[in-house]
Amino acid sequence: MTFASVSAVTVTLLLVGVFIVIMMNLNQLADNIENDVEIKVITDPAADVEDVKLLKKEVQETAGVATVIYSSRDEELDKMISSFGDELNLYKQSNPLGDALYVKASNPHETAEVAAEIGTYDHIYQVVYGEGKIEKLFNVLTMSRNVGLALILALLFTAMFLISNTIRLTIVARGKEIEIMKLVGATNSFVRIPFVLEGIWLGVLGSLIPMGVISFAYYELYTQWEPKLQNELFQLLSATPFIFQVNALLLFMGVFIGIWGSFMSVRKFLRV
Amino acid sequence: MTFASVSAVTVTLLLVGVFIVIMMNLNQLADNIENDVEIKVITDPAADVEDVKLLKKEVQETAGVATVIYSSRDEELDKMISSFGDELNLYKQSNPLGDALYVKASNPHETAEVAAEIGTYDHIYQVVYGEGKIEKLFNVLTMSRNVGLALILALLFTAMFLISNTIRLTIVARGKEIEIMKLVGATNSFVRIPFVLEGIWLGVLGSLIPMGVISFAYYELYTQWEPKLQNELFQLLSATPFIFQVNALLLFMGVFIGIWGSFMSVRKFLRV
Amino acid sequence: MIVMKDVYKKYPNGVVAANGINVKIARGEFVYVVGPSGAGKSTFIKMMYREETPTSGSIMINSINLATLRSKRVPYLRRQIGVVFQDFKLLPKLNVYENVAFALEVIEETPKQIRKKVNDVLALVGLTQKARMFPNELSGGEQQRVSIARSIVNSPKVVIADEPTGNLDPDTSWDIMKIFEQINSRGTTIVMATHNKEIVNTIRHRVIVVEGGMITRDEYEGVYGYES
Amino acid sequence: MIVMKDVYKKYPNGVVAANGINVKIARGEFVYVVGPSGAGKSTFIKMMYREETPTSGSIMINSINLATLRSKRVPYLRRQIGVVFQDFKLLPKLNVYENVAFALEVIEETPKQIRKKVNDVLALVGLTQKARMFPNELSGGEQQRVSIARSIVNSPKVVIADEPTGNLDPDTSWDIMKIFEQINSRGTTIVMATHNKEIVNTIRHRVIVVEGGMITRDEYEGVYGYES
Ligand SMILES: Nc1ncnc2c1ncn2[C@@H]1O[C@H](COP(=O)(O)OP(=O)(O)OP(=O)(O)O)[C@@H](O)[C@H]1O
Ligand SMILES: Nc1ncnc2c1ncn2[C@@H]1O[C@H](COP(=O)(O)OP(=O)(O)OP(=O)(O)O)[C@@H](O)[C@H]1O
Ligand SMILES: [Mg+2]
Ligand SMILES: [Mg+2]
């Protein structure tokens, strides 16, 4: 009986834990992708170095701008060559391009507004950014986050339902005992206390393995992969606070479900 | 009791069903992304129209090539202008670029080999493809697929475990009954049959709602989104065979778990 | 004091198990409840500690009106009444000692008192040797004696016993009757449903005959018997 | 024919409930098993239909050797023996009729035969009116009578009854005894554990006295009694 409850808590919390870890990290990835959205400001090829410097400063001070990176016209030409073929090398003699500023908005969702604002400044040839594409990307990201959140909530509720179901069944099997206790003069709270304590115990016991497994696995994963992911878009959440947070959540859920499950189940039999 | 089992089957199968649908569609997306990998063949700007035609034919006949799309040097210039700025318009008078062929390998994982083979042909200025990037993308895709598969398997096992756990508990509560039946002269199979039938019944009952919900939801989703996704990378799996497959899987799982759960649980009490 | 007025009990399946019962049992009385199987003896008894509630009519136990008793207070009623259940109702996960001690734990008796009282009462019913055994390791008669021990351990004002000797051999039955006599002589009211003609006819007390849910005879110093 | 040789039973908790039992019960005999509470009567009886297995010694029932009986065959042994359990052992989800019919369903009797036999036996124990009621809606004595009805409905060669009158009033007890007498006169072996002195002394049969797990007296036409 107890084994059934504890193992139900264990497997469900393990699954919930794994999902939370994955979802949180994917969320992080989504953040990173969002933050990767740039506005490319192409300066007027006629503008001189001072003009560009001033423009850069002006852009930097624009509300909503997070970072501005300068890329010279020669660097730009190199980029063009590498994606359109070496035959463009002949333009190195007389580079037709302007300098570029790569701008990131502090809130990626305001990219369009920031771009429009910058477009009004002097010495600008063109402001380029994903436009339609970025909105699409944001839509996809928002949708995936919502789906992910919905899934994790669904999983959580399923877990809670199943665990309290299991606890309830173990207590149903003890309905006769509760009835006897009441007939011998026990008050409701006297009957309830041991069951609630047992619920807490079940919850704690059931969350130990998930906590251990997830802590260990994530720590291993983190120490092994973090160095390799240094320069990637995808970054693992830093192990130390994250593991504790997940553990606290799992323990809380286990105990909460344990108490709640016992409480609800005993209630049914107290009406004797 | 029966409610506990049926509802456990219901919520778990519902969750499993949703996950299967999502995973299968993401798998499809991964396929599409893989198939989106292209080799860009830049022809020698000096080559004439006939040369390029022959080259295209040659490439098309190369082993492992799926599709070849021709893009004229003017189209290439337009692409370049749209990503590096209008100031390049002045090159329209004397376009320095060559024509391009966009090639897809029939097996995306063989892109590198196909590119190398094409690189040996005449009239080619350069063969460009993601190289390192593509391998990385493939690694990420393979990994996500594996993680997805692992998750779905974990979920399946959790579901099976929890459901049979629940069924077992409902039968444990009836251990006394089984004992009495045996003491009155019932054989093991006589005792078992009604429980196994009940297990099947639980399984069927428990899979009805998930089947209905998933069929309906997916059908709605499909009819609403499919037209909008016409030209996107992400395509929904066609509703008709897919829904039936998922339903069959859910029903099978429900019934299998029902039978197995009853069988295992009754066994324990037959030793009287 | 137990007073029932026009008590009527109809079970959900339509069986009328109490059909207008009027009775007064004074403090310190010893009452046998007899009657054929299915007459309504257990129902009569169950209504006293509120395992069953009457469909109509009123019941007063020790000046507690069961009709207006809030369900929060029911445990306190039950603590004043020791019950020997016809089907024993022992807690399967507790051993003999713990089953008896349970009746003292609910009233928050001190551990020392519990130890003393439980050991005394187990000696009284002859189960000292079996104190550490669990109900499923006991014979029918032993289980019945545990139920008896539990019913008297907290010296209740009223002891209600539903066929307390049904699974006991005659010698043990007489021993149990001696115990009941003894606590009755100290002022405890005893209501005992029984089929044991020999006991009823030997240890004379008030006899209430229940037939078809009605009290058909009520005699002080009565004998076992009824028309059927 | 029931034969026990040197049967010894020690429960896991160390209680020795059968301490070298040797007995022969011929086909068609009527045997009372008497003795104090906890003496080992139920254990003696439980070993016959193999609810308990002896620690050592051999038991033969109708020339079936219980020691070598494969567990697959146990149900077929039990079908030859009708048992009235001390705690009734009724199936809570089946009503009275279905509980009795169950003993016939396991031997795959025809529906028509089942209907006839069940109705007959329910009339015999006086429960025709309660055929559609469930065990938890019955009084103690009514449950006991359902258990009795179930034990005799498939006309077994042996009927084993563990205190079949413990919850019955004297009149009903005599009625039940009449039934047992009747099926005994048709050749059924009857083994009955009882505390009912009046019955044992009135309807004279062989009396086996069990005390402390041993047979201390075994008399044809015996009377109730033992030293203790
Ligand atoms: N919970 C119940 N639901 C429905 N009917 C019940 C219930 N309990 C008892 N009865 C019916 O009420 C009647 C009286 O039952 P009760 O248990 O009071 O009899 P009793 O006098 O104690 O009999 P016995 O001597 O056999 O124990 C019986 O006919 C029984 O079938
Ligand atoms: N399952 C068991 N496990 C351990 N001990 C048991 C078990 N069943 C019975 N006993 C012990 O064995 C002894 C004999 O029990 P048994 O039930 O045979 O007595 P009995 O003669 O039927 O008594 P009663 O007349 O009270 O029914 C008792 O002391 C009891 O405590
Ligand atoms: Mg009764
Ligand atoms: Mg016994």
Worked check of side-chain contact (heavy atoms from CB on, under 4.5 Å) between D/Ile2 and D/Lys24
CA-CA 6 Å; D/Ile2 300 169; D/Lys24 262 190 200 175; over 6 Å; no
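- A cation-pi arrangement, defined by a distance under 6.0 Å to the six-membered ring centre and an angle within 45 degrees of its axis, is present between D/Lys9 and D/Tyr11.
- When the candidates B/Lys176, B/Met181, B/Glu179 are compared by the number of heavy-atom contacts under 4.5 Å with chain D, B/Met181 comes out ahead.
- Proximity to chain B (any heavy atom under 4.5 Å) is shown, for D/Arg73, by neither the backbone nor the side chain.
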Just list the side-chain donor-acceptor pairs under 3.5 Å for residues 96-108 of chain D, sequence neighbours left out, or say none.
from    : atom 1 : to      : atom 2 : distance (Å)
D/Glu98 : OE1    : D/Asn95 : N      : 2.9
D/Asn99 : OD1    : D/Leu91 : N      : 2.8
D/Asn99 : ND2    : D/Leu91 : O      : 3.0
D/Asn99 : ND2    : D/Leu94 : O      : 2.9
D/Asn99 : ND2    : D/Asn95 : O      : 3.3

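- Among the candidates D/Arg50, D/Lys72, D/Glu51, the residue making the largest number of heavy-atom pairs closer than 4.5 Å to chain B is D/Glu51.
- Chain D is approached within less than 4.5 Å, heavy atom to heavy atom, by B/Lys182, B/Leu183, B/Val184, B/Gly185, B/Ala186, B/Thr187, B/Phe190 from residues 182-193 of chain B, ordered by number.
- One N or O on the side chain of D/Ser151 and one on the backbone of D/Ile148 form a donor-acceptor pair closer than 3.5 Å.
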Going by atom type alone, with no hydrogens or angles, which donor-acceptor pairs under 3.5 Å involve a side-chain atom of residues 204-218 of chain B and a protein atom two or more places apart or on another chain?
from     : atom 1 : to       : atom 2 : distance (Å)
B/Ser207 : OG     : B/Gly203 : O      : 2.8
B/Ser207 : OG     : B/Val204 : O      : 3.1
B/Ser215 : OG     : B/Met211 : O      : 2.7
B/Ser215 : OG     : B/Asn247 : OD1    : 3.3
B/Ser215 : OG     : B/Asn247 : ND2    : 2.9
B/Tyr218 : OH     : B/Asn25  : OD1    : 3.3
B/Tyr218 : OH     : B/Asn25  : ND2    : 3.4
B/Tyr218 : OH     : B/Leu237 : N      : 3.1
B/Tyr218 : OH     : B/Leu237 : O      : 2.7

CA sep, side-chain torsions, deciding dist, call: D/Asn167, D/Phe88, side-chain contact (heavy atoms from CB on, under 4.5 Å):
CA-CA 11 Å; D/Asn167 286 270; D/Phe88 319 146; 3.5 Å; yes
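- D/Glu29 meets the salt bridge (Lys or Arg N to Asp or Glu O under 4.0 Å) test with D/Arg206; sequence neighbours excluded.
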